Structures are given as C-alpha cells and as structure tokens.
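Just so you know, these numbers come straight off a predicted model, no measurement behind them.
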Amino acid sequence: MPERITVTSALPYANGPIHFGHVAGAYLPADIYVRYKRLTGAEVLFVCGTDEHGAPIQINAERAGQSPAEFAARWHEEIKRSFDRLSIRFDNFSRTSRPIHHETTLAFFRALYAGGYIFAKSEDQLHCDHCQRGLPDRYVTGSCPRCGYEAARGDECPKCGHSFEATELGDPRCKTCGRPASKRPSRHWYLDLPKLAPKLETYHAERFPRWRQNVVGEVKKYMADLRPRAITRDLSWGIPVPLEGAEGKVFYVWFDAPIGYISSTREWAVAQGDPEAWRPWWQDPQTKLVHFIGKDNIVFHALIFPAMLLGQDEPYILPDVPANEFLNLEGRKFSTSEGWFISIDEFVAKYPPDTVRWTLTRSAPETRDSEFTYRDFQTRVNAELLGCFGNFVNRMLKFVASRYDGVIPAAEAPFGPEEEAALAALARGVEEVGQALDGYSSRTAAGRLLEIGYAANKLIEDAQPFKRLKDDPARAATTVNVACRLMESLALLLYPFIPQTSKRIAAQLGLAVQDFPGSRRWSDAARPADPAGRRIGKVKHLFRRIEDETVAAEVEALRARAAGAAQTASPAKEAQSKGAKKKKKKKKKKDAPSGPRAEIAFEDFAALDLRVARVAAAESVPGADKLLRLELEVGEERRTVVSGIKAWYTPEDLVGRQVIYLANLAPRKLRGVLSQGMVLAATDEHDAAVLLQPEREVPSGARVS
RNA sequence: GGCGGCAUAGCUCAGUCGGUUAGAGCGAAGGCUUCAUAAGCCUUAGGUCACUGGUUCGAGUCCAGUUGCCGCUACCA
C-alpha cells in the first residue's frame with residue numbers, strides 16, 4: 001500500500017499580502033515536499049486556506065468600510081493568486097469563514113467539552129462603559145500597583161518595570177476615551193492542557209529525536225509550565241461559542257485556525273463526492289501528518305493542536321512539525337508598513353517563478369534566520385540555474401542539434417571512466433536529494449542537486465565530445481547519449497523544485513510535456529532510459545541573465561520606498577514595532593544615553609526648523625496602540641502631528657501644554673493620519689518618552705535655536 | 001524580567017558520537033577550454049570556529065558565564 005501523507009502549510013492570515021518570508025518558511029518547502037513525495041509514489045493531500053477570524057481583520061475591515069467577510073475575501077483571493085503565481089499548488093485552499101469550518105470547529109469543541117478538557121472560569125475584566133466594550137490590557141492605563149506611577153500600562157509599569165494584571169491597576173482608565181474603567185466579571189473557557197499533559201509527553205518523547213532543535217526547545221519550555229489556556233474572547237467576528245452564557249463570545253483564533261486544516265480536508269472530500277473521504281487523511285494510524293510552519297507558530301502546532309487532537313473522541317493522528325526560522329530582506333526584517341518588502345506579484349511579473357523558488361529554497365531559513373538579497377538572487381540565477389543547469393542543457397542540446405541533426409545518438413562505444421563517473425554521481429545524487437527531502441530539508445536537497453549539475457558539466461569537460469567528434473566519433477556519441485540520460489534525470493529531479501523549468505527541459509529533450517513527469521518515479525532517475533534515436537525539441541535558453549545594473553536598480557528601488565517610510569518622529573518610530581522596542585530596551589540597559597554621533601556643521605543644525613508649539617487637542621489614533629494625534633498651535637498655524645507616546649501620556653495630560661516641535665520634517669502618513677513633523681522627547685531610564693517643554697511659557701511659534 | 005534558538009572564510013552556509021591538517025558554493029587571484037548565454041573545467045589564496053572560563057589525553061562540537069541577532073512569554077495573530 002502506498003504511503004499516505006497529509007501535508008499542511010500555516011494558514012495565512014487574511015489581513016494583507018503574503019511575502020517572501022512566508023513563502024520560504026511555510027509554503028514552498030511544503031510544495032516541494034509534496035511534489036517529491038508524489039514522485040516516490042506516495043498518496044499526498046496538500047491543504048491550506050486563509051485564517052479569517054480575529055480582531056485585526058475586524059478592525060481593518062471597519063477602517064476600510066467593509067464587513068470582515070468582504071475584507072477577508074479580498075485577501076483570500078489575493079493570497080490565492082500569489083500562490084498560484086509561484087506554482088504552489090494546494091489540493092484545497094479553504095477559508096475559516098466557511099460554514100464547513102464553523103461546523104468542524106464546533107464538533108471539535110463539543111468533543112473536547114464532553115471529554116472534560118474544557119472548563120469555564122470567571123475573572124474580573126476591565127470594561128469601559130462609554131466605549132461599551134471590554135478592555136484588553138493594552139487599552140487600559142492607570143497607576144502602578146507597586147510604584148504608583150500614574151501612566152502605567154495594562155500589563156506592566158514603564159517606570160518600575162513591574163508586571164501585573166490589568167485589574168490590579170489603581171484608578172484604571174480606558175486609553176481610548178480616557179474615562180474610568182469599571183471591573184466586571186467575565187466568563188471565559190479554557191483548554192485544560194495539564195489534563196492532557198501525559199498524552200502529550202508520550203507523543204513528544206516519540207518525536208523529539210527526529211525533530212529540529214528549535215521545535216524541541218520551544219515545546220520543552222512550554223511543557224515545563226503547562227497551564228490551561230483561554231480559548232474564547234469577547235468579539236463579534238469569529239465562531240460563536242455554543243454554550244449557555246457565552247453570548248457575545250467567539251473562539252480565539254488560535255483555537256479554530258488549526259482546525260482549518262481539517263475543515264479544508266473535509267471540503268476537499270465533499271468536492272470529491274465523498275464527504276467521509278477526509279477521515280483516512282486524519283485518522284488512519286498509517287497516515288503521516290506534516291505541518292510546515294514558521295517559528296512563530298511552533299507551540300500551537302507541536303503542542304496545543306496535538307492536545308486538541310488528543311482530546312477528541314476519535315482517533316486522530318499527530319503531526320510532525322518542521323518549523324522554519326525567518327527570512328530577512330537585504331539585512332532587515334520584512335515590514336510592509338515600513339516599505340521593506342517585495343511584492344510577489346511585481347516580482348513574478350519581472351522574473352520567472354522558478355527563479356524565486358530556487359533562490360528561496362537555496363536560502364531557506366531551515367536552521368536559523370536567513371536572508372534574501374538581490375545579489376544572492378543574481379548569483380543563484382546566473383551561477384546556478386543558468387551557469388550550471390541551463391548551460392549544461394543548452395550546450396549539449398545545441399550540440400545534438402548541430403552535429404547530430406537533432407537526433408540523440410546511440411552509445412556506440414562502451415562507457416568510459418567519464419561516463420561511469422557521471423552516472424555514479426547521478427545515482428548518489430538521487431539518493432542524497434531524496435534523503436534530504438525526507439528529512440524536510442529542501443535546502444540541502446537543492447545543494448545536492450547542484451552537485452549533479454556540476455557532474456554533468458564535468459562529463460562534457462572531461463570527455464570532450466566536441467573534440468572526439470573527429471578522432472573518435474563513437475565515443476563522442478556515447479558521451480552525448482549519456483549526457484542526455486543525465487539531462488532527463490535532472491529534469492525529473494528538478495521537478496519538485498522548479499516545475500516549469502523541469503517541463504521545459506523535458507520538452508527540449510523531445511519528451512511529451514503533458515506526460516512529464518507522468519508516471520515516472522523518483523527512483524527512475526538513478527537509472528535513466530536510453531534516449532537514442534529520439535528527436536529533440538526546439539532548443540531555447542532556459543534562463544535570462546540578471547545584470548549588475550538590474551540588481552543595483554532593484555536595491556535602489558527598495559531603499560527608495562523604505563526611505564519615505566523611515567524618517568519618522570523618533571519616539572513614534574521606536575515604539576512602532578515590537579522588535580524595535582525590544583532592541584531599544586536592551587540597548588538602554590547597556591549604555592543608557594546612546595553614544596555620541598558624528599560631528600555636523602552648524603548649517604546642518606540650522607536646517608532644522610524647531611518651534612515652540614501648544615497642544616490644542618489630542619486624541620488617540622483609532623486602531624493604533626502607541627499613537628496619539630496632536631493638534632498643534634504654532635503661531636497662527638495649526639499642524640497635525642502623530643506621536644508614539646500613547647503609552648506614557650493621556651490626551652488630557654497634553655492639551656494646553658507646550659512642546660518643542662520640528663516643523664520642517666517631511667510629512668509622513670502614520671496609521672492613515674498625515675503627520676506634519678514631530679514633537680521632541682527624551683527617553684528616561686525606564687525607556688519612557690518624556691516630552692520636552694520650554695522652561696517657562698513663551699509665545700507659541702517661537703523659534704528654538 | 002523569564003525562556004528557547006542561533007553565532008564557523010569578504011558573503012551565503014555545511015560540519016555526524018568530542019578525535020588527525022575545520023569543509024562547500026559565491027566573490028577574489030591565476031590557468032585551461034571554445035560545444036555552450038563572458039557560460040564550463042582546474043588551481044590558489046582566504047578561518048583566534050563571537051568572547052571568557054571550565055570538563056577532557058583531546059573541544060567548532062560538552063558545561064557555565066558574557067555579548068549580539070531572532071523568536072516566545074497578551075484578550076498579538
């Protein structure tokens with residue numbers, strides 16, 4: 001019986017486009033694995049879909065004036081198209097907003113509930129009567145229970161660093177409207193992970209030896225302090241919790257998202273005309289289940305979801321979790337908001353998808369974070385795809401076309417040492433590439449593949465058919481014949497990685513493309529058939545060179561786009577990303593005031609138009625955690641400035657006070673609000689922003705120099 | 001703050017159970033070749049294995065600490 005494997009890739013969140021990092025970490029490795037396994041004769045089902053629930057989608061949809069469903073639908077289509085363009089082919093690509101997913105999730109929940117793995121607990125939660133909603137930690141401010149600092153956040157105090165529950169805050173206020181928040185009991189449901197711990201331990205003990213370091217480490221850490229985890233939240237967009245007293249509550253997205261793999265499989269089964277056909281893919285103990293994900297998702301896939309599966313009353317199989325690290329872009333993290341990203345659509349319009357697939361595979365972040373650079377892309381295309389594979393195919397086929405009238409010659413002489421060496425390298429390569437892929441390392445596999453290419457080029461180099469053509473035509477024909485065998489094997493082996501190119505090689509070799517790879521098996525590649533007498537197809541270059549100027553232009557374009565986004569007000573900017581915040585946090589510990597900067601000329605300083613301004617109005621920017629929108633009165637003028645100081649200042653604190661304002665900074669949109677300059681602030685020993693103000697009142701608009 | 005992962009040549013990365021002289025590709029330097037898209041093949045140079053200490057006959061590898069990068073720790077997904 002053929003091996004049966006269920007493969008999933010992390011469900012992309014339908015809140016924006018996917019980028020190269022996602023592709024390299026979760027989708028491409030899975031697609032390669034699936035194609036490879038099919039070639040080995042395994043039955044494989046590859047499912048995915050968009051994750052469409054949760055607050056971010058609800059909020060962004062509101063901002064876009066759409067319903068969450070409409071909003072998510074747009075991104076679902078967009079994401080689907082991106083996959084399509086990269087030749088990433090799922091057997092089914094579903095949506096968590098579909099009824100079949102809701103049904104599946106409810107059934108899953110009921111089984112857990114009936115099994116006693118779910119319990120309810122009431123806890124006080126802060127509520128804003130004015131905004132009429134419950135307040136998550138970061139929407140609350142109040143005084144620190146330890147040091148009394150007045151502008152403490154909902155989870156910790158920026159002044160003394162103490163962390164606590166939001167309900168411990170003194171005088172809690174809603175950050176959005178500034179009004180006092182009240183305590184209300186709120187009931188939530190929890191997944192009883194400790195109860196499932198023994199089963200989890202058995203599962204982990206069996207898998208750990210084969211799993212990657214990063215996965216084992218994460219899981220061990222989490223298991224050491226296993227606690228029940230809330231699976232519900234107060235929100236309207238999501239799957240309603242089907243219990244008495246759970247009105248207005250939905251499942252927290254992490255609960256329903258992984259179930260999406262199962263509902264996507266069920267959807268596939270329905271489309272096959274057999275609604276029960278999903279079961280073998282999830283419940284047959286002989287089936288292998290593999291989740292391809294990024295490192296941010298390890299605990300959910302290697303621990304929480306398995307716990308949910310173990311808590312079912314049906315015999316679910318448990319997954320392998322090859323988690324990848326993250327891919328960076330030209331030395332920085334991908335960031336859509338900072339303009340630091342590559343649009344997949346644009347990229348694929350310029351460069352063939354196979355070049356992307358190859359580059360991302362060769363630089364895949366399997367054991368540590370890795371990087372995509374245009375320079376690296378150029379090398380992979382010019383030196384590897386073109387120089388190694390493309391050159392071999394082209395030089396040999398052109399040779400066949402010009403010297404053998406387009407018909408592959410028979411091996412008229414016995415194989416010499418060169419031919420034997422090449423075939424041995426091929427056999428070894430087939431073995432090694434397969435092993436690497438079985439171990440979920442497409443990156444290593446691609447490296448081995450390249451070695452087969454080197455061996456192929458070396459065959460021609462060593463056996464020199466173009467010279468022997470005159471003095472030893474029989475041997476020349478043998479070399480060409482063997483080279484063509486290698487080429488067909490190479491086409492087959494390349495199929496999982498660069499399927500379009502694989503088919504083009506097959507076509508040029510004179511094989512029927514519709515039937516490639518057809519019924520060929522991976523193992524066939526080790527002993528290729530004799531192609532003697534076959535007429536080859538039209539010979540064309542497989543790849544186009546990428547010139548230095550192109551690389552320079554691409555990098556330039558990327559920097560230019562990011563440059564507009566980069567120059568923000570310093571407090572606002574540093575508060576923008578979690579990463580930046582952490583970085584700053586650590587820096588601060590070492591050398592509190594950052595080191596001196598390079599000397600500048602007086603003119604450089606004079607270029608700054610610094611003014612005293614009065615805050616006329618202040619309000620928080622909707623949907624932003626850290627931003628306040630300030631109306632500044634600068635002499636006669638009014639200016640709008642967005643500043644990332646919400647964690648430390650409430651709107652009431654600010655109105656009426658004077659600040660120092662940098663007036664001629666290029667305007668920049670933050671969270672949809674145009675910020676015309678920045679207000680200056682110092683950073684205190686607790687990393688909190690402290691606004692600067694004149695030592696005594698001066699007329700607003702006064703110059704600062 | 002707590003925790004996990006990572007740090008090896010100019011660049012991108014291999015390095016098994018601790019074992020001789022730490023490997024590959026790109027880039028650089030030199031050579032060969034002209035069938036092939038300035039593609040191919042050969043050769044050479046290039047390393048204080050982040051740092052400090054420890055265990056050991058022996059450490060890139062094991063242990064502790066330090067530094068840096070990334071991630072997790074939320075009603076963030």
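One atom, CG of A/L360, and another, C1' of B/U12, lie 14 Å apart when rounded to the nearest Å. A straight line from CZ of A/F372 to C1' of B/C70 spans 20 Å, rounded to a whole angstrom. The separation between A/M396 atom CE and B/C41 atom P is 14 Å, rounded to whole Å. In this structure, CZ of A/F255 is placed 19 Å from C1' of B/C76, rounded to the nearest angstrom. Distance A/Y13 OH to B/C76 C1': 9 Å, rounded to the nearest Å. Between the NZ atom of A/K458 and the C1' atom of B/A39 there is a distance of 17 Å, rounded to whole Å. Rounded to whole Å, atom P of B/C11 lies 22 Å from atom OH of A/Y374. Note: CG (A/D369) to P (B/C72) measures 11 Å, nearest angstrom.
In this model, a side-chain donor or acceptor of A/R395 finds a partner on the base of B/C35 within 3.5 Å.
Considering only the side chain of A/H541, B/U37 comes nearest among B/U37, B/C26, B/U73. Of all nucleotides listed (B/C75, B/G4, B/C35), B/G4 comes nearest to the side chain of A/E218. The side chain of A/R375 approaches B/G27 more closely than any other nucleotide in the set B/U34, B/A77, B/G27. Here the nucleotide nearest the side chain of A/D296, chosen from B/G71, B/C41, B/U37, is B/G71. Nearest to the side-chain atoms of A/R443 among the listed nucleotides B/G40, B/C35, B/U12 stands B/U12. Minimum atom distance to the side chain of A/E371 is reached by B/U12, of the listed B/U33, B/A77, B/U12. The nucleotide whose nearest atom lies closest to any side-chain atom of A/E461 is, among B/C70, B/U37, B/C35, B/C35. The side chain of A/N394 lies closest to B/A36 when the candidates are B/A77, B/C75, B/A36. Comparing B/U33, B/C70, B/A77 by their nearest atom to the side chain of A/F326 picks out B/C70. Comparing B/U37, B/U34, B/A77 by their nearest atom to the side chain of A/K398 picks out B/U37.
In this structure B/A77 sits in no base pair that meets the Watson-Crick or G-U test at under 3.5 Å. Partner assigned to B/C3 is B/G71, using Watson-Crick or G-U wobble distances below 3.5 angstrom. Searching all strands for a Watson-Crick or G-U wobble partner of B/G23 with both distances below 3.5 Å returns B/C13. B/A28 and B/U44 make up a base pair, with Watson-Crick or G-U wobble contacts both under 3.5 Å. Across all strands shown, nothing is found opposite B/A38 as a Watson-Crick or G-U wobble partner with both distances under 3.5 Å. Nucleotide B/U56 is matched to nothing when pairs are restricted to Watson-Crick or G-U wobble geometry with both distances under 3.5 angstrom.
Within the nucleic acid shown, A/D376 has no heavy atom closer than 4.0 Å to any nucleic acid atom. Looking at heavy-atom distances under 4.0 Å, A/F300 makes contact with a base. Within 4.0 Å of A/R229, counting heavy atoms only, lies at least one base atom of the nucleic acid. Residue contacts shown for A/T379 are limited to sugar-phosphate atoms, with no base heavy atom under 4.0 Å away. Using a 4.0 Å heavy-atom criterion, one finds that A/D51 contacts the sugar-phosphate atoms exclusively. If you check every strand for non-hydrogen atoms under 4.0 Å, A/I298 touches nothing. As judged by a 4.0 angstrom heavy-atom cut-off over every strand, A/Y222 is placed among residues making no nucleic acid contact. At a threshold of 4.0 angstrom between heavy atoms, the contacts of A/R403 are confined to the sugar-phosphate backbone, with no base atom among them. The residue A/T232 sits apart from the nucleic acid: no heavy atom pair falls under 4.0 Å.
Put simply, the side chain of A/T359 gets close to the backbone of A/T355: a donor and an acceptor are under 3.5 Å apart. A donor-acceptor distance shorter than 3.5 angstrom exists from the side chain of A/H101 to the backbone of A/D256, with no hydrogens or angles considered. The main-chain N or O of A/F292 is never found under 3.5 Å from a side-chain atom of A/Y27 such that the two would form a donor-acceptor pair. Looking at A/N15, its side chain never comes within 3.5 Å of a backbone N or O of A/I57 through a donor-acceptor pair.
Across A/F497 and A/A446, no two heavy atoms sit closer than the pair CE2-N, 4.0 Å. When all heavy atoms of A/R362 and A/G447 are compared, the closest pair comes out as NH1-CA, 3.5 Å.
Ion pairing between A/R212 and A/E218 fails under the 4.0 Å rule for side-chain N and carboxylate O. Remark: A/D471 does not engage A/K467 in a salt bridge, criterion side-chain N to carboxylate O under 4.0 Å. With respect to A/E366 and A/R443, no salt bridge is recorded, no charged nitrogen being found less than 4.0 Å from a carboxylate O.
Phosphate contact (OP1/OP2 of B/A74, side-chain N/O of A/Y252, threshold under 4.0 Å): absent. An OP1 or OP2 oxygen of B/C6 is reached within less than 4.0 angstrom by no side-chain nitrogen or oxygen of A/K295. Residue A/K220 places none of its side-chain N or O atoms closer than 4.0 Å to OP1 or OP2 of B/G5. Note on A/N391: every side-chain N or O is 4.0 Å or more away from OP1 and OP2 of B/A36.
The aromatic ring of A/F399 does not sit over the base of B/C35, since the test of centres under 5.5 Å and planes under 30° is not met.
With C1' as the reference atom, B/A14 and B/U56 are 26 Å apart, rounded to whole Å. Comparing the C1' positions of B/G60 and B/A7 gives an interatomic distance of 11 Å, to the nearest angstrom. Comparing the C1' positions of B/U21 and B/G46 gives a spacing of 16 Å, expressed to the nearest Å. Spacing between B/U61 and B/G71 at atom C1', rounded to whole Å, works out to 24 Å. Look at the C1' atom in both B/G40 and B/C26: the space between them is 16 Å, to the nearest Å. Separation of the C1' atoms belonging to B/C35 and B/G25 is 25 Å when rounded to the nearest angstrom. Using atom P as the reference point in both B/C3 and B/U66, the two lie 10 Å apart (nearest Å). Nucleotides B/A22 and B/G65 are separated by 30 Å at their P atoms, to the nearest Å.
Closest-nucleotide positions on RNA chain B for A/I57 and A/L386 were compared, and the one nearer the 5' end corresponds to A/L386. Residues A/E451 and A/R380 each lie close to RNA chain B; by heavy-atom proximity, the contact nearer the 5' end of the strand is made by A/R380.
For the pair A/R233 and A/W189, the NZ or CZ position fails the cation-pi test of under 6.0 Å to the six-membered ring centre and within 45 degrees of the ring normal.
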